[in-house]
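Below is one structure, written out as structure tokens; comments come after it.
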Amino acid sequence: MLTIYGKTLSSRLFLGTAQYPSPAILADAARASKPALLTVSLRREMAGGKTGSGFWDVVRELGIDLLPNTAGCHSAKEAITTAQMARELFGTDWIKLEVIGHHDMLQPDVFGLVEAARALSAEGFKVFPYTTTDIGVAERLLEAGCEVLMPWCAPIGSARGPQDVQALKSMRGYFPDVPLVVDAGLGRPSHAMTVLELGYDAVLLNTAVAGADDPVGMARAFALAVEAGRLAFESGMLEPRDMAVPSTPTFGMAEFS
Amino acid sequence: MKLIINGCEAQVSATRLDALIRELDHQDQWVATAVNGKMVPRDRRVAHALKEGDRIEILSPMQGG
């Protein structure tokens, strides 16, 4: 079982709640995949309290733990204030910390990220930082108080899957005891399975499910891939071999010549 | 008085933040508030006096990834 910040999670799949064709399809996708966490955000409310109200009713009915994010924040200050508001609104001190450094690539601003992680940890937040596979940055995030790291494997929403498997392996090897969650860039269930096979503890994804022709089917497919990848990791996979090795026993072969 | 609410100029009669939330017909429980870039917690809205030109942010739950 996966434990983060002292809480044991029911699954290794974290699911985003954005971009679904309807709140009902989001709800069905969540029921089909049983994620441990749903990510949510907060935005300006329109007069009359109608902003996203259908969505919020559906999410509350699901009863799944929430992980609010600071998506769209481009400075530590914005992210810190957003996190404070999210803590009150969603009633949780867990926060997916995003400090975006580049408009087009949505790379994290790792300087602002470390600064915000330090400030929020000091305020009692349990910070889930959206970061890169840079091990130096990762060390600073851990020093700042983070007990989990969430590296991307490709740009947000790109569906490219693991772009640098060696960097992911190095990070896993360097931090054997830190929960590592691949956040961003996954496009297919096989991508999720690949990173679980590498020993990553969980995946966080949104667009790959919400943007599929059938989000409910795709949510289920990702849940199965995550489970299979973890089971494979725990079961010990063979290393690739250069030459063929027969699987059928060769002794006792008949001679027909 | 005139305020900037969620980026838009607005003329309101409320003089305190809790009254503003009611005047705008928001559900107190499902919004988070900030004034001039600083969060104002729910239990402090009643004591928070508004000033001409204050920048108010009123945020609510939204879909997120």
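The chains referred to below are lettered A, B, ... by the order of the sequence lines, with proteins before strands, and numbering in each begins at 1. Since the model is a prediction, treat every value here as computed from it, not as a measurement.
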Check: A:Arg44 side chain, B:Asn6 main-chain N or O, donor-acceptor pair, under 3.5 Å: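 Side chain of A:Arg44 to backbone of B:Asn6: a pair is present.
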Distance (rounded to the nearest 0.5 Å) between A:Asn69 CG and B:Gln63 CD: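 Going from CG on A:Asn69 over to CD on B:Gln63, the span is 11.5 Å.
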Part of residues 33-40 of chain B lying next to chain A, heavy-atom separation under 4.5 Å: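 Counting heavy atoms that sit under 4.5 Å from chain A, the residues of residues 33-40 of chain B involved are B:Thr33, B:Ala34, B:Gly37, B:Met39.
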Any residue of residues 43-57 of chain B which, by heavy atoms, sits under 4.5 Å from chain A: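 Residues in range: B:Arg45, B:Glu57.
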Shortest non-hydrogen contact from A:Glu88 toward B:Val31: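 Where A:Glu88 meets B:Val31 most closely, the heavy atoms are OE1-O, 4.2 Å.
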Heavy-atom pair of closest approach, residues A:Arg60 and B:Trp30: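 In terms of heavy atoms, the two residues are closest at NH1-CZ2, 3.2 Å.
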Greater than 12 external heavy atoms within 6.0 Å of A:Arg188's CZ: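 Check fails, neighbour count at 12 or below.
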Heavy-atom contacts under 4.5 Å, residues 76-83 of chain A to chain B: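 Residues A:Lys77, A:Thr81 are the ones that qualify, each having a heavy atom under 4.5 Å from chain B.
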Proximity of residues 14-37 of chain A to chain B, residues having a non-hydrogen atom under 4.5 angstrom: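 Contacts with chain B: A:Gly16, A:Thr17, A:Ala18.
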Choice from A:Val40, A:Thr39, A:Leu205 maximising heavy atom contacts with chain B below 4.5 Å: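 The option with the most such pairs is A:Thr39.
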